[in-house]
There are 2 protein chains.
Amino acid sequence: MKRDSRLSSVLHALLHMAEREGPMTSEELAACMHTHPVVVRRTMGLLREAGLVRSARGPQGGWRISADLAAVTLRQLHETLGEPAIFAIGNRQEMPGCLVEQAVNAALDDAFAEAEALLLARLGQITLADLAADFSRRHAGRRQGNT
Amino acid sequence: MKRDSRLSSVLHALLHMAEREGPMTSEELAACMHTHPVVVRRTMGLLREAGLVRSARGPQGGWRISADLAAVTLRQLHETLGEPAIFAIGNRQEMPGCLVEQAVNAALDDAFAEAEALLLARLGQITLADLAADFSRRHAGRRQGNT
DNA sequence: CTAAATCGTAATAAACGAAGTTACATGAAG
DNA sequence: CTTCATGTAACTTCGTTTATTACGATTTAG
């Protein structure tokens with residue numbers, strides 16, 4: 001299945017931006033994420049609407065973070081991306097008339113809702129600052145090229 | 001994203017089969033699940049390999065359950081279906097060289113692994129018998145057409 | 001033995017959504 | 001006014017799931 005990797009993408013982008021003084025262009029971000037500049041603009045555009053980053057056009061333009069790293073959680077980013085579907089498994093019909101299917105859906109929905117709640121709670125506990133700190137730790141540990 | 005609905009499908013099928021004395025043909029199952037007979041055979045074929053159902057060809061043939069409803073958990077069915085990917089969200093690259101991406105992946109993988117563990121544990125607690133009982137309860141409650 | 005019912009399965013098409021790409025408009029800096 | 005950069009719509013590509021077609025194999029009835 002084709003998985004939505006935008007959360008992973010924006011985290012990668014934000015952490016690279018955090019490592020830098022000046023703004024980064026879509027082209028630079030695209031290069032380090034192995035994707036296309038337009039994809040970067042599309043995705044980062046959502047973060048801009050949420051006030052997490054700012055963009056500037058023209059020479060010396062690009063993207064920069066406009067939020068406190070310690071105040072932004074992964075859950076918030078997930079929401080900013082439009083809360084895409086978390087599960088790749090689901091019910092056949094959402095509102096079935098068949099009682100058998102209603103019983104099946106109820107059981108599955110319950111289990112999935114619980115897992116989703118746990119996941120969102122977890123994502124709500126992790127901030128960009130946590131990831132940046134983890135990156136620093138890894139960077140101090142190994143001396144290796146980064147994208 | 002296109003969600004895998006086979007677990008929901010086989011549960012629907014198994015519960016309908018449980019409500020019946022004789023075998024059900026692929027065509028009958030397909031009709032009550034609003035799908036195609038070949039899809040039914042393909043999916044039920046996996047359950048047959050696992051010994052959960054048996055199939056017979058020719059007139060009076062069809063599918064019937066060959067396992068104890070109380071002994072089959074939803075987790076077991078998930079495994080029987082080949083443990084399809086649970087999440088529709090994932091990392092961009094699984095084995096990145098970039099340290100930033102490694103930090104991002106580590107955090108996300110952790111959170112997702114926890115949610116997956118919870119979900120599988122939940123599915124492991126629910127048996128077909130539980131669903132059948134829930135169906136009976138609904139059936140007794142409302143007097144309504146079933147597929 | 002033949003005909004009909006039914007599963008078994010491979011191959012192909014359709015449907016869908018994410019990501020990638022192209023094209024062109026807009027705005028800022030020098 | 002030229003260049004650099006974002007903004008965005010439109011379209012293409014790609015991967016996955018489900019649906020469909022086609023044909024083969026097996027069982028029962030008469």
Side-chain angles (χ1 to χ4, degrees), chain A residues 1-10 12-13 17 22-49 52-66 78 81-94, chain B residues 1-10 12-13 17 22-31 33-49 53-66 78 81-94:
Chain A
M1 158 151 326
K2 188 154 233 173
R3 297 157 102 185
D4 181 338
S5 60
R6 289 177 304 158
L7 180 56
S8 171
S9 289
V10 299
H12 193 169
M17 287 159 68
M24 287 183 76
T25 66
S26 303
E27 201 131 9
E28 287 170 319
L29 287 170
C32 79
M33 299 159 68
H34 307 104
T35 182
H36 197 283
V38 173
V39 175
V40 172
R41 290 190 199 115
R42 206 148 54 195
T43 314
M44 298 296 285
L46 296 171
L47 303 200
R48 182 185 50 226
E49 287 168 21
L52 302 176
V53 300
R54 274 178 311 168
S55 61
R57 307 194 206 199
Q60 266 83 72
W63 302 86
R64 58 171 76 221
I65 296 182
S66 63
H78 170 68
L81 293 175
E83 306 195 56
I86 290 176
F87 297 107
I89 294 180
N91 294 136
R92 168 165 293 271
Q93 297 180 83
E94 216 46 65
Chain B
M1 155 153 331
K2 188 154 231 172
R3 297 159 102 183
D4 181 338
S5 61
R6 289 178 304 158
L7 180 56
S8 171
S9 289
V10 299
H12 192 169
M17 287 159 67
M24 287 183 77
T25 66
S26 304
E27 202 130 8
E28 287 171 320
L29 288 170
M33 299 159 68
H34 307 105
T35 181
H36 198 284
V38 173
V39 176
V40 172
R41 291 191 198 113
R42 205 148 52 197
T43 314
M44 297 296 286
L46 296 171
L47 304 200
R48 182 185 49 225
E49 288 168 20
V53 299
R54 274 178 311 167
S55 61
R57 306 194 205 200
Q60 266 83 72
W63 301 87
R64 59 171 76 221
I65 296 183
S66 64
H78 170 68
L81 293 175
E83 306 195 55
I86 290 177
F87 297 107
I89 295 181
N91 295 136
R92 168 165 293 272
Q93 296 180 85
E94 216 46 67

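In the text below, chain A, chain B and the rest are named by the order of the sequence lines, each starting its count at 1.
One finds the OG atom of B/Ser5 at 10.0 Å from the CD1 atom of A/Ile89 (value rounded to the nearest 0.5 Å). Here CZ of A/Arg48 is found 4.0 Å from OG of A/Ser55. Values are rounded to the nearest 0.5 Å.
Minimum heavy-atom separation, B/Ala88 to A/Ala85: CB-O, 3.6 Å. Heavy-atom minimum distance, A/His78 versus A/Leu7: N-CD1, 4.2 Å. Here the closest heavy-atom approach between residue B/Ser8 and residue A/Gly90 is recorded as CB-O, 3.7 Å. Summarising the geometry of B/Trp63 relative to B/Thr25, their closest heavy-atom pair is CD1-C, 4.2 Å, with the distance given to 0.1 Å.
Annotation: side chain to side chain contact (heavy atoms under 4.5 Å, CB included) contacts of B/Thr35 (sequence neighbours excluded): A/Arg92, B/Ala30, B/Met33, B/Val39, B/Val40.
Between B/Met24 atom CE and C/dC7 atom P the separation is 11 Å, expressed in whole Å. Taking atom CG on A/Leu7 and atom P on C/dA18, their separation rounds to 14 Å, with Å as the unit. Between A/Glu49 atom CD and D/dT6 atom P the separation is 16 Å, expressed in whole Å. Protein atom CG of B/Leu81 is 13 Å distant from nucleotide atom C1' of D/dT17, rounded to whole Å. When rounded to the nearest whole Å, the span between CZ of A/Arg48 and P of D/dT6 equals 10 Å. For B/Leu29 and D/dA19, the CG to P distance is 14 Å, given to the nearest whole Å. Between A/Leu46 atom CG and D/dG7 atom P the separation is 12 Å, expressed in whole Å. Between A/Glu28 atom CD and D/dC4 atom P the separation is 14 Å, expressed in whole Å.
In this structure, B/Ser5 does not reach the D/dT17 phosphate: none of its side-chain N or O atoms is under 4.0 Å from OP1 or OP2. In this model, the phosphate group of D/dA5 is not approached by any side-chain N or O of A/Thr25 to a distance below 4.0 Å at OP1 or OP2. Distances shorter than 4.0 Å separate some side-chain N or O of B/Ser26 from OP1 or OP2 on C/dC7.
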### Message
Please evaluate residues B/Met44 and B/Met24 with respect to the criterion side chain to side chain contact (heavy atoms under 4.5 Å, CB included), reporting the C-alpha separation (whole Å), side-chain torsions for both, the decisive distance (0.1 Å), and the verdict.
### Response
CA-CA 12 Å; B/Met44 297 296 286; B/Met24 287 183 77; over 6 Å; no
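Side-chain N or O atoms of B/Arg6 include one that pairs as donor or acceptor with a backbone N or O of B/Leu81 at under 3.5 Å.
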Any protein N or O atoms within reach of nucleotides 26-30 of chain D? Criterion: under 3.5 Å, listing atom names and distances.
residue : atom : partner : partner atom : Å
D/dT26  : O4'  : B/Arg57 : NH1          : 3.4

Using atom names, set out every protein N or O paired with an N or O of nucleotides 20-23 of chain C below 3.5 Å, distance rounded to 0.1 Å.
residue : atom : partner : partner atom : Å
C/dG20  : OP2  : A/Thr35 : OG1          : 2.5
C/dG20  : N7   : A/Arg42 : NH2          : 2.9
C/dG20  : O6   : A/Arg42 : NH1          : 3.3
C/dT21  : O4   : A/Arg42 : NH1          : 3.2

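Counting non-hydrogen atoms under 4.0 angstrom, B/Gly45 reaches nothing in the nucleic acid.
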